[in-house]
There are 2 protein chains.
Amino acid sequence: MNEDMLKASGLRVTSPRLQVLEVFTKHHGALAQSDIENELVDMDRITLYRTLKSFNDKGLIHKAIDDTDKTKYALCHQDCDEEQHNDQHPHFYCIKCHRTECLDEVTAPAVPVPEGYKVTEVQVALKGLCKICS
Amino acid sequence: MNEDMLKASGLRVTSPRLQVLEVFTKHHGALAQSDIENELVDMDRITLYRTLKSFNDKGLIHKAIDDTDKTKYALCHQDCDEEQHNDQHPHFYCIKCHRTECLDEVTAPAVPVPEGYKVTEVQVALKGLCKICS
DNA sequence: TTAGTAAATGAAACAATGATGCAAATATAC
DNA sequence: GTATATTTGCATCATTGTTTCATTTACTAA
């Protein structure tokens, strides 16, 4: 339950947080702040901003880079916490329906970096037509 | 020469454009708008914004996604034009020197997407320690 | 070389996002 | 139930993205 997610992360259970979590569980893909604002019209902009920030910090959601200019967030499915995000899956942006989804089943491939570089994180942003639109 | 790059792209040769190109050729990595503003203090903010936009549209520069929140741009080395960007190389963000560079030599690996998805573009953002900092 | 014209600049103005400070409200622990 | 530490909601400010418009400038073609 959403309440438990908050408690497990050491965040207090409040109405704005539950509302935001509900929006995330209702939608599958990654959401921009504006997407959530459209759903929760009465939500204070700054509260939402800080809610997303704390969720991200605590590992409840992660940023989904998708090469649109908007920062998007998606629920973390794997074991993410304050220490580390395990979101090594690609994000897919559909140029037709403009939705961004997490390809959780896919593991981002190892990238052969030149000598001397140390990679700690890989983010893969895919663009194209999603299952439904293609 | 920078002038020729502009002409080849069908862009008029103007002072702001030459200045911006010079900044790009002087630096290796990807630059945020603010980076360029700091170098060219007299440059009008909107002119710079539009310059970057038109350079990006014409294939002179490309966006370098690096999971910081700032949009960064880097010179295109390969054959990019209005039709298509051929920037299928990863971008590497160094957590120590905070610079983003293009790993031109590296080809982004093929990502095994689920059935039904059509990928037209892959962006790989790496994070870690660069050659110099590691 | 000089118009004519299409493109580019620079300024104003507005929206969205990111970020901080502070007083009031409220979730939890006791 | 109350104390307190957290969270909210508001004000406020910075940055980026974007459009409109008058003025200036780069190229073209006579």
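Convention: sequence-line order gives letters A, B, ...; per-chain numbering from 1.
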Just N and O in the side chain of B:Y49: are any of them under 4.0 Å from OP1 or OP2 of D:dT16?
no

Quick one: is D:dT7 close enough that its OP1 or OP2 comes under 4.0 Å of any side-chain N or O from A:R17?
yes

Any donor-acceptor N or O pair under 3.5 Å, side chains A:K72, A:T100:
yes

The nucleotide from D:dG17, C:dA11, D:dT18 with an atom nearest the side chain of B:D44 is C:dA11

Salt bridge B:K63-A:D69, side-chain N to carboxylate O under 4.0 Å:
yes

Residue whose closest nucleotide on DNA chain D lies nearer the 5' end, B:L11 versus A:R45
A:R45

Where the side chain of B:E37 is concerned, which of D:dG17, D:dT16, D:dT8 is the nearest nucleotide?
D:dT16

Does A:I132 CD1 have over 12 foreign heavy atoms under 6.0 Å away?
no

By the 4.0 Å heavy-atom rule, please label B:S34 as base, sugar-phosphate, or nothing.
sugar-phosphate

Side chain of A:T47 (C-beta onward), nearest among D:dT8, D:dG17, C:dA27
D:dT8

Taking the side chain of B:T71 as heavy atoms from C-beta outward, which of D:dT18, C:dT17, D:dG17 is closest to it?
D:dG17

Would a 4.5 Å heavy-atom cut-off, applied to side chains only, mark A:H62 and A:Y73 as touching?
no

